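Input: a single structure, listed below in structure tokens.
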2 protein chains.
Amino acid sequence: MFQIDFAAREPIYEQLYNDVIKLAASGVIKPGDKLPPVRVVAADLGINPNTAAKAYRELENEGYIYSSVGRGSFLTDKLSENSAQKRLITDAFRNAVMEANAFGAEKEELLRILEEVYR
Amino acid sequence: MFQIDFAAREPIYEQLYNDVIKLAASGVIKPGDKLPPVRVVAADLGINPNTAAKAYRELENEGYIYSSVGRGSFLTDKLSENSAQKRLITDAFRNAVMEANAFGAEKEELLRILEEVYR
DNA sequence: TCGTTGTATTAGTCTATTTAATACGTTTCT
DNA sequence: AGAAACGTATTAAATAGACTAATACAACGA
């Protein structure tokens, strides 16, 4: 269900965290859906259950899932298809702007490109 | 001359590496220009000379600078203001805009984010 | 010659991440 | 009631990357 890259700089628990958000964005999982148990995630990916649990813990801290002992972890409404998509899009766009800014791109040039695309 | 963020996930040597590319992209430094000695960079930023040297070493491996003992390190033509680097950035930005557009993002929202970053 | 500079080496410290090995309490199912 | 499933917690250890420390050497230029 989840995909991780062991060679990536991004920690595994953070990749899992983002995987949940992405799956929600693409509609593969929806509010109310049950996520696989941490032990299953760990077994599937060949990682430690603690690592999977850490991802779930942070997702719950952000209100994206709710967990209860003995029952499992479930998506909240906060991760509906639309809101998750929006989050992904704006984050990606913001990163692109910051990157361009860091490399000395002029605001006017970016505005020009933006207008060009939206025409 | 260089700016680093000690709290960032990105290693210092890599930040320095990117700083050089960014300064070249924005025209602050040009091909042939001498870079500050590793010891000066280290002293200015309060880091170890080895860390600064590592950044220079990788820049030289990529052909962005050339170094010679006793003389210093200098920008090559590969890091000119109007070459690949800048186009890469604007292309990345254009892709982000098109992506956001494809997902139905409002132009006004993107403009808001852009202004927010450039403030 | 002397100061500057890039380069190299070896060792050590530090931090975040991940694993390991259990254990506990709650819920669900039979 | 009992067993399995599940989230949660704890403590310890291992691992890897980044960074520092302390030197040393050789080339270059004034």
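Please read all numbers here as calculations on a predicted model, not as lab measurements. In the text below, chain A, chain B and the rest are named by the order of the sequence lines, each starting its count at 1.
What separates CZ of R57(A) from P of dG7(D) is a distance of 13 Å, to the nearest Å. With rounding to whole Å, Y56(B) atom OH is found 16 Å from dT4(C) atom P.
Here the NZ-CG distance, from K54(B) to N48(B), works out to 12.0 Å after rounding to the nearest 0.5 Å. From M1(A), atom CE reaches atom CG of D19(A) across 9.5 Å, with rounding to the nearest 0.5 Å. Taking CD from E10(A) and CG from L16(A), the interatomic distance works out to 9.5 Å, rounded to the nearest 0.5 Å. Here the CG atom belonging to D33(A) is positioned 6.0 Å from the CG atom belonging to L75(A), to the nearest 0.5 angstrom. Here I21(A) contributes atom CD1 and E62(A) contributes atom CD; the two are 8.0 Å apart, rounded to the nearest 0.5 Å. Rounded to the nearest 0.5 Å, atoms CG (D77(A)) and NZ (K30(A)) are 12.5 Å apart.
Within the 3.5 Å criterion, the main-chain N or O of Y17(A) finds no donor-acceptor partner in the side chain of E58(A).
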Between protein and nucleic acid, restricted to nucleotides 28-30 of chain C and to nitrogen or oxygen atoms under 3.5 Å apart, what atom pairs and distances do you find?
unit_1  : atom_1 : unit_2 : atom_2 : d
dT28(C) : OP1    : R71(A) : NE     : 3.3

Expected rows: protein N/O vs nucleotides 14-19 of chain C N/O, under 3.5 Å:
unit_1  : atom_1 : unit_2 : atom_2 : d
dT17(C) : OP1    : Y13(A) : OH     : 3.1
dT18(C) : OP1    : I12(A) : N      : 2.4
dT19(C) : OP2    : N48(A) : N      : 2.8
dT19(C) : OP2    : T51(A) : OG1    : 2.9

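At a threshold of 4.0 Å, the pair R9(A)-E14(B) counts as salt-bridged, since one of the basic side-chain nitrogens sits closer than that to a carboxylate oxygen. Using a 4.0 Å cut-off between charged nitrogen and carboxylate oxygen, E108(A) and R112(A) do not count as a salt-bridge pair.
Classification of the Y56(A)-F2(A) ring pair by plane angle, with boundaries at 30° and 60°, yields perpendicular.
Within residues 58-68 of chain A, the residues approached by DNA chain D to less than 4.0 Å at the level of any non-hydrogen atom are E60(A), S67(A), S68(A), in residue-number order.
Within the nucleic acid shown, R39(A) comes within 4.0 Å of at least one base atom, counting heavy atoms only.
Terminal axes of the helix from dT1(C)-dA30(D) to dT30(C)-dA1(D) (five pairs each, C1' rotation axis) are separated by 20°, to the nearest 10°.
Cluster note: Y66(B) groups with F74(B) through ILVMFWY side-chain heavy atoms spaced under 4.5 Å, whether in direct contact or through intervening members.
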D91(B) and R94(B): CA distance, side-chain angles, deciding distance, salt bridge (charged side-chain N to carboxylate O under 4.0 Å, His left out) verdict: CA-CA 5 Å; D91(B) 282 356; R94(B) 179 177 286 104; 3.4 Å; yes
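Every side chain to side chain contact (heavy atoms under 4.5 Å, CB included) that S67(B) has, sequence neighbours left out, goes to E60(B), I65(B), S73(B).
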